Amino acid sequence: MKTKIWRFLLLFSLFSMLSAGAFAEGVDVALLGPQAGDLVPATLAARAPVPGGATSRNAVTFSWPLSPRHALTAEVPHRASSREYRVQVAADELARGVTIYTLAPGAVVRLNPIGSEGGGSLMTEQIGVRPVGRPALDGAAAIEGLVSDRQLRAAGIPFAAGTIAFRLRPEVGAGALQLSVRDPDAGRYLLHVLDAGSDLALDLQATRSAYLAGDPLAAELSFSRAGIEALSAEGWLVAPSGRTRGVEVVMAGRGIWRVGADLDGDAEAGLWELHLNAAGELDGTKVVRSVRTAFGVSGATARLSGSAGGELAKSGALTLAVGVETAAPGRYELRGVLYGSGAGGELMPFAAGHGAAWLEPGVGSVELRFDAALMAGSGLRPPYELRHLQLLDQGRMGLLQKQARGLVITP
């Protein structure tokens, strides 16, 4: 039944195009199969509320030229890198002294009271640091540049009341240092250490920048330098609502871990965060780092149906109608970059096209149009190929499908 509906819609769409331009010829349009790294919904999720607000139901399409001289590269997921770590400590632990780990002198330390349990700002005189194998240094002999929450806010860096930040004096050195605070207010604190002088980072990279609910999440965690002995690692996910859940972290080599989790089929749509803490050892010195990255999660409300058609007008204008199978009503958008063939047959990008339409559940289509001036101005010829193809749910703001190679268009 869906196939018949799709054929009717496609024929109707092509009839409309032909009626508008009597001197047009149909072109063969084929949707290519997905390749490694593509995002393709395996199943559709119908349980998605209709987006609120005044969403337009008018179909639109527009395109603009690109320079064939500028090659486009495939999107690479963001690689987060960190030389810092965070840990929660209680006031009595701070009073007794907590060990912080640095690889280079001059680390920057920040203490945030957590929630309403924290107290007023600490003073320089309350801070003490005991370097390895040396007597403790107090106050100005140990730290410099202490700033309060008020000064941080004035600099445009808002933190909770009672927050302080300071730098350890270079003469304190590096390694395992014992940090203590005399008479801190009761409660818990977030201790943040930035190993500013070290070039050793903890890197985190997910396999994608966007996932679909129900997909497996995969990421790699590693130290930026070889020769680090991995000791431990742990991590967790934070959903858009703030709900947290654990992830699986498995050692995969010297200083390398694989991170994985299954995103439930009803996982919240929106921006998720992946947090990891890891410890290692370099030349007998403990290394601690924390890193986090973000990725989008969408409910699979639609996908490309696999059918497509098009026509090339006598004027040279190209119109494509790409089939979209939808499980939930909404406004769906199609994006792609049109490549043409050069004199030697090499494909080069010359136009970007976007189109959007409101679609009810079933099989419909979204159009992309490239006008005659844009096609002629490129100096390129068929066969054409639509690459960097993306299907988005505009109302629910989610990426639903992405293919590096999308459509092949031949006269």
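All residue numbers refer to positions in the sequence shown, counting from 1. Small disclaimer: the values here were computed from a predicted structure and weren't measured.
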Enter the distance from [X]:[atom1] to [Y]:[atom2] here, rounded to the nearest 0.5 Å.
{"X": "Thr43", "Y": "Arg303", "atom1": "OG1", "atom2": "CZ", "answer": "7.0 Å"}
{"X": "Thr293", "Y": "His78", "atom1": "OG1", "atom2": "NE2", "answer": "5.0 Å"}
{"X": "Asn112", "Y": "Gln88", "atom1": "CG", "atom2": "CD", "answer": "10.5 Å"}
{"X": "Leu202", "Y": "Ser81", "atom1": "CG", "atom2": "OG", "answer": "8.0 Å"}
{"X": "Thr244", "Y": "His275", "atom1": "OG1", "atom2": "NE2", "answer": "9.5 Å"}
{"X": "Glu333", "Y": "Asp393", "atom1": "CD", "atom2": "CG", "answer": "10.5 Å"}

Mind checking whether [X] and [Y] have side chains closer than 4.5 Å, heavy atoms only?
{"X": "Arg292", "Y": "Val238", "result": "no"}
{"X": "His388", "Y": "Tyr339", "result": "yes"}
{"X": "Pro113", "Y": "Thr163", "result": "yes"}
{"X": "Val322", "Y": "Leu391", "result": "no"}
{"X": "Leu217", "Y": "Phe295", "result": "yes"}
{"X": "Leu282", "Y": "Arg225", "result": "yes"}
{"X": "Arg258", "Y": "Glu220", "result": "yes"}
{"X": "Leu31", "Y": "Leu389", "result": "yes"}

- Task: Using a strict cut-off of less than 4.0 Å between a Lys/Arg side-chain nitrogen and an Asp/Glu carboxylate oxygen, indicate whether Glu84 and Arg289 qualify as a salt bridge.
- Result: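 Arg289 and Glu84: not salt-bridged.
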Worksheet item: Counting only heavy atoms not in Asp283, do more than 12 fall under 6.0 Å of its CG?
Response: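 12 or below, so no.
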Original post:
Does Met397 CE have over 12 foreign heavy atoms under 6.0 Å away?
Top reply: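 It does not: Met397 CE has 12 such atoms or fewer within range.
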Q) Taking it one step at a time, do Val76 and Gln205 satisfy side-chain contact (heavy atoms from CB on, under 4.5 Å)? A) CA-CA 10 Å; Val76 177; Gln205 186 175 37; 3.7 Å; yes
- Query: Short question: side chain of Glu385, backbone of Leu347 - any donor-acceptor pair under 3.5 Å?
  - Reply: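 Not a single qualifying donor-acceptor pair exists.
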Main-chain N/O of Gly323 paired to Ser307 side chain as donor or acceptor, under 3.5 Å:
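It does not hold such a pair.
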### Closest approach of Gly280 to Phe223 (non-hydrogen atoms, all atoms of both residues)
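Answer, listing the atom of Gly280 first, then Phe223: N-CZ, 3.9 Å.
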Audit row: Leu179, Val193, side-chain contact (heavy atoms from CB on, under 4.5 Å) steps and yes/no: CA-CA 11 Å; Leu179 173 72; Val193 179; over 6 Å; no
Are side-chain N/O atoms of Trp236 and Glu234 paired as donor and acceptor at under 3.5 Å?
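Judged by distance alone, the side chains do not pair up.
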Ring geometry between His354 and Phe62 (parallel below 30°, tilted from 30 to 60°, perpendicular above 60°):
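Tilted: the ring planes of Phe62 and His354 meet at 30° to 60°.
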- Message: Quick check on side chain to side chain contact (heavy atoms under 4.5 Å, CB included): which of Leu318, Leu312, Thr61, Thr319 does Phe370 satisfy it with?
- Response: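 With Phe370 as partner, side chain to side chain contact (heavy atoms under 4.5 Å, CB included) holds for just one option, Leu318.
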Would you please test Leu191 and Leu111 for side-chain contact (heavy atoms from CB on, under 4.5 Å) and show each step?
CA-CA 5 Å; Leu191 172 61; Leu111 275 169; 3.8 Å; yes
